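Remarks on the structure that follows.
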Amino acid sequence: MRFAPSPTGGLHLGGVRTVLYNYLFAKKYGGDFIVRIEDTDQTRFVSGAEEYIFDTLKWCGLEPDESVQHGGSFGPYRQSERKETYRKYAEQLVKEGFAYYAFDTPEELEKMRHDYKMEHNPSPQYDHTIRMKMRNSLTLSAEETQSLLAEGTRHVVRIKMPEHETVTFTDMIRGEVSFDTSLVDDKVLLKADGMPTYHLAVVVDDYLMQISHAFRGEEWLPSAPVHILLWKYLFGLENMPYWAHFPLILGPSGKLSKRDGAKYGFPVFAMNWADPNTGDLTEGFKEKGFLPEAFINLLALLGWNDGSEQEVFYKGELIEKFSMERVHSAGAKFDYEKAKWFNHEWIKRSDAGYLKPEVRILLEKSNIIVTDDRLLEKVIGLIKDRCTLLTDFVQQSSFFFNTPGSIDLDAIKPKWNEARQMFFVELIRNYQLSPDWHTHTLENNFKEIAAANDLKPGDLMLPFRIMLVGGKFGPGVFEIAAIIGKDETIKRIEHTLSIL
RNA sequence: GGCCCGUUCGUCUAAGGGCUAGGACACCACCCUUUCACGGUGGUGAUACGGGUUCGAAUCCCGUACGGGCUACCA
């Protein structure tokens with residue numbers, strides 16, 4: 001099993017789902033999950049991106065068995081460090097007539113694309129119809145080729161696609177897929193800078209690293225015939241890994257992109273990603289307040305299900321139940337509302353102790369320092385049902401620890417009167433003298449005073465809540481009062497009374 | 001344009017020839033709740049279209065339409 005990301009930016013939903021499925025499949029069958037860094041494009045190097053990938057995997061709980069960071073006996077796991085191994089295979093292909101040297105400059109290629117551009121063929125390819133009109137070892141004499149090579153002329157190695165062959169392979173998700181090779185272009189295998197392209201590297205490395213199953217996104221399907229042919233030429237089809245091409249995760253319009261997230265207001269990356277070149281920060285699911293368990297869960301169900309109506313799965317269950325046969329073949333549009341539902345479910349099911357460390361960090365960021373550990377846990381237990389995102393805990397719990405900064409007076413004023421004012425004055429006196437401070441006592445006393453004054457408790461509870469909480473939300477009022485204590489409760493009532 | 005992949009409620013999906021096409025999210029209503037949630041009950045809502053094959057098609061085949069991907073010395 002392998003996952004082979006290119007470290008050029010943040011890891012988005014589709015990428016993480018690919019890792020997930022790779023991981024689940026590997027773990028299910030006792031295989032190794034290996035992560036190889038595909039960094040053959042030096043122009044796209046982004047500092048910090050590789051580390052970001054591993055940080056993301058760690059957060060998701062999808063630790064590789066072999067990788068740059070985890071070691072393994074098939075290294076190096078960074079393609080840039082394997083540069084020397086690829087040339088040999090490219091030369092072998094040329095020698096055997098499956099590939100050729102091409103000396104065309106970027107300008108010449110551009111000219112070709114321009115000259116052959118027709119209405120019926122808007123994007124001409126470097127293929128069997130064109131290659132004999134270009135500058136390569138097929139059109140040049142052996143001597144010319146040799147001397148160009150000897151002079152160190154910049155050149156690439158291209159695969160020579162056969163003219164009329166049908167390449168067929170079995171995709172684990174789609175079944176048999178076939179291609180007419182005359183319609184595929186002569187892809188570059190080895191670039192002028194000596195680095196391989198993805199096409200060569202993926203085949204060579206999958207062979208050398210003894211990869212048994214190779215899963216990737218559907219966007220790779222069109223180049224599959226190139227890879228199949230390379231396997232046939234280099235290592236034999238019988239040694240080729242099993243392939244699976246996952247359907248794409250779609251945004252509101254086409255393949256999900258970073259742009260979609262910014263445009264429609266939902267995260268696309270797993271964790272915050274700060275582009276070192278532009279300085280742009282893209283918010284991640286982690287920072288948005290998602291639990292890794294929920295993130296994994298929602299991704300797993302985006303294109304897969306176990307056939308039952310179960311939707312919430314632990315990682316262990318996913319490993320146990322995952323199967324390629326049940327991966328959908330159609331693309332799935334990402335629904336942020338449903339994603340939030342998954343997180344809410346996970347928060348509800350997590351116990352307060354588990355949530356505590358994260359919540360504490362969030363509270364500290366809002367300058368709420370909680371020293372009483374048991375209190376924090378109790379509060380979390382009381383409010384977690386109403387928190388969809390981890391970040392919701394701040395608003396839902398701040399009033400337990402700090403006096404509310406603002407009071408929603410508009411919710412009280414319209415029905416406020418002398419009688420109610422008097423009620424609260426009496427309530428303060430009563431609570432002041434109350435020998436104990438428990439939820440039930442507080443509620444009973446509250447109702448007795450109301451009854452004695454011929455007032456309906458229901459009309460008084462909302463104002464009371466606003467005084468303690470600041471707004472119309474939160475758990476039972478008397479529980480809140482019980483937790484914040486006598487002094488604080490009275491102080492808050494007095495404060496609101498004074499500004500009404 | 002060419003090639004490849006795909007098409008069940010708005011969204012994620014179940015139903016691999018035989019039922020009123022099931023569930024979940026979202027939405028609406030009601031119940032519970034003297035706030036907001038949680039929870040509960042119910043509701044709106046789908047097999048893209050046209051042909052076959054078959055006693056019988058969401059399911060198999062063909063065509064059309066639509067959607068997506070690819071078409072770089074990027075992955």
Side-chain angles (χ1 to χ4, degrees), chain A residues 4-8 38-41 43-44 79 102 104-106 109-110 113 117-127 154-158 171 173-174 177-180 182-185 187-199 201-202 216-225 245 247-248 250 253-255 298 301-312 325-326 328-342 344 348 383-388 392 396 411 447 450 456-466 469 471-477:
Chain A
S6 63
T8 56
E38 312 220 307
D39 56 349
T40 55
D41 187 356
T43 64
R44 294 215 303 170
Q79 288 181 332
D104 317 276
T105 63
L109 288 174
E110 202 177 314
R113 290 194 186 100
K117 185 170 179 171
M118 318 271 190
E119 200 170 308
H120 66 274
N121 183 17
S123 42
Q125 307 190 103
Y126 199 122
D127 60 14
R154 283 178 73 83
H155 65 278
V156 302
V157 173
R158 286 181 181 271
D171 184 278
I173 295 172
R174 289 151 219 284
V177 182
S178 47
F179 301 84
D180 177 349
S182 52
L183 267 10
V184 181
D185 62 332
K187 292 262 184 270
V188 169
L189 264 20
L190 200 68
K191 303 188 255 188
D193 64 1
M195 276 288 193
T197 56
Y198 171 81
H199 308 295
V202 74
R216 71 231 301 194
E218 193 183 346
E219 69 269 29
W220 288 108
L221 207 41
S223 52
H245 292 86
L248 267 14
L250 279 5
S253 58
K255 191 162 93 168
L298 73 92
L301 272 279
L302 205 55
W304 171 86
N305 71 84
D306 76 337
S308 74
E309 280 170 2
Q310 182 177 350
E311 296 201 272
V312 177
E325 294 73 52
R326 296 203 63 90
H328 245 252
S329 49
K333 196 174 286 183
F334 176 66
D335 180 3
Y336 188 47
E337 293 306 316
K338 181 97 184 205
K340 285 192 289 190
W341 174 81
F342 272 108
H344 194 186
K348 282 188 294 182
I383 63 174
K384 67 191 174 88
D385 278 2
R386 55 204 92 204
C387 294
T388 298
D392 292 338
Q396 289 291 338
K447 288 180 174 170
K456 280 193 287 186
D459 292 338
L460 300 161
M461 282 172 72
L462 184 67
F464 188 33
R465 164 178 300 282
I466 304 281
V469 175
K472 288 197 276 190
F473 59 92
V477 251

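Here is the naming used below: chain letters follow the sequence lines, and residue numbers restart at 1 for every chain. From a predicted model like this one, the values you see are computed outputs, not experimental measurements.
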Give a yes/no answer on whether the side chain of A/R326 brings an N or O atom under 4.0 Å of OP1 or OP2 in B/A15. yes

Non-hydrogen atoms of A/A411 and A/I466 that approach each other most closely: CB-CD1, 3.8 Å

Quick one: A/L221 CG to B/G69 P, roughly how many Å, whole number? 14 Å

Checking the side chain of A/Q310 only, and the main-chain atoms of A/V312 only, is there a donor and an acceptor separated by less than 3.5 Å? yes

Considering every strand and a 4.0 Å limit on heavy-atom distances, what is the contact class for A/F179: base, sugar-phosphate, or nothing? sugar-phosphate

Syn or anti for B/C30 (syn when the glycosidic angle lies within 90° of 0): anti

Of A/A330 and A/H120, whose closest RNA chain B nucleotide lies nearer the 5' terminus? A/H120

Please encode protein proximity along nucleotides 70-75 of chain B as a string of B, S and -, counting only heavy-atom distances under 4.0 Å. SB-BBB

Give the nucleotide from the list B/G2, B/C25, B/G68 with an atom nearest to the side chain of A/E337. B/C25

Taking the C1' atom of each, how far is B/C60 from B/U20, in whole Å? 25 Å

For A/L248 and B/U7, give me the distance from atom CG to atom C1', rounded to whole Å. 15 Å

Over all heavy atoms of both residues, which pair between A/G471 and A/R465 is shortest? Give the atoms and the distance, please. O-CG, 3.6 Å

Rounding to a whole Å, what distance do you find between A/R465:CZ and B/U33:C1'? 11 Å

Look for any protein N or O under 3.5 Å of an N or O in nucleotides 39-41 of chain B and output each such pair with its distance, or none.
unit_1: B/G39; atom_1: OP1; unit_2: A/K348; atom_2: NZ; d: 2.8

Calculate the interatomic distance between A/F473 atom CZ and B/U35 atom C1'; express it in whole Å. 10 Å

Any protein N or O atoms within reach of nucleotides 9-12 of chain B? Criterion: under 3.5 Å, listing atom names and distances.
unit_1: B/C12; atom_1: OP1; unit_2: A/K333; atom_2: N; d: 2.8
unit_1: B/C12; atom_1: O2'; unit_2: A/L301; atom_2: O; d: 3.2

Can you find a donor-acceptor pair, distance only, under 3.5 Å between A/R386 side chain and B/C38 base? no

Mapping A/H328 and A/S178 to their closest nucleotides on RNA chain B, which lands nearer the 5' end? A/S178

Is there a side-chain contact between A/E218 and A/R174, using heavy atoms and a 4.5 Å cut-off? yes

For atom CD of A/Q310 and atom C1' of B/U13, their distance in whole Å: 15 Å

Cation-pi geometry met for A/R158 and A/Y126 (6.0 Å, 45°): yes

Quick one: label A/V177 by what it contacts on the DNA or RNA (base, sugar-phosphate, nothing), any heavy atom closer than 4.0 Å. sugar-phosphate

Heavy atoms only, 4.0 Å cut-off, all strands: where does A/K447 land among base, sugar-phosphate and nothing? base

How far apart are the closest heavy atoms of A/R154 and A/D193, and which atoms are they? NH2-N, 4.4 Å

Indicate whether OP1 or OP2 belonging to B/A14 is found under 4.0 Å from a side-chain N or O atom of A/N305. yes

Pairing partner of B/C25, by Watson-Crick or G-U wobble and under 3.5 Å for both distances, is B/G10

Distance in angstrom units between A/E119 CD and B/G2 C1', rounded: 14 Å

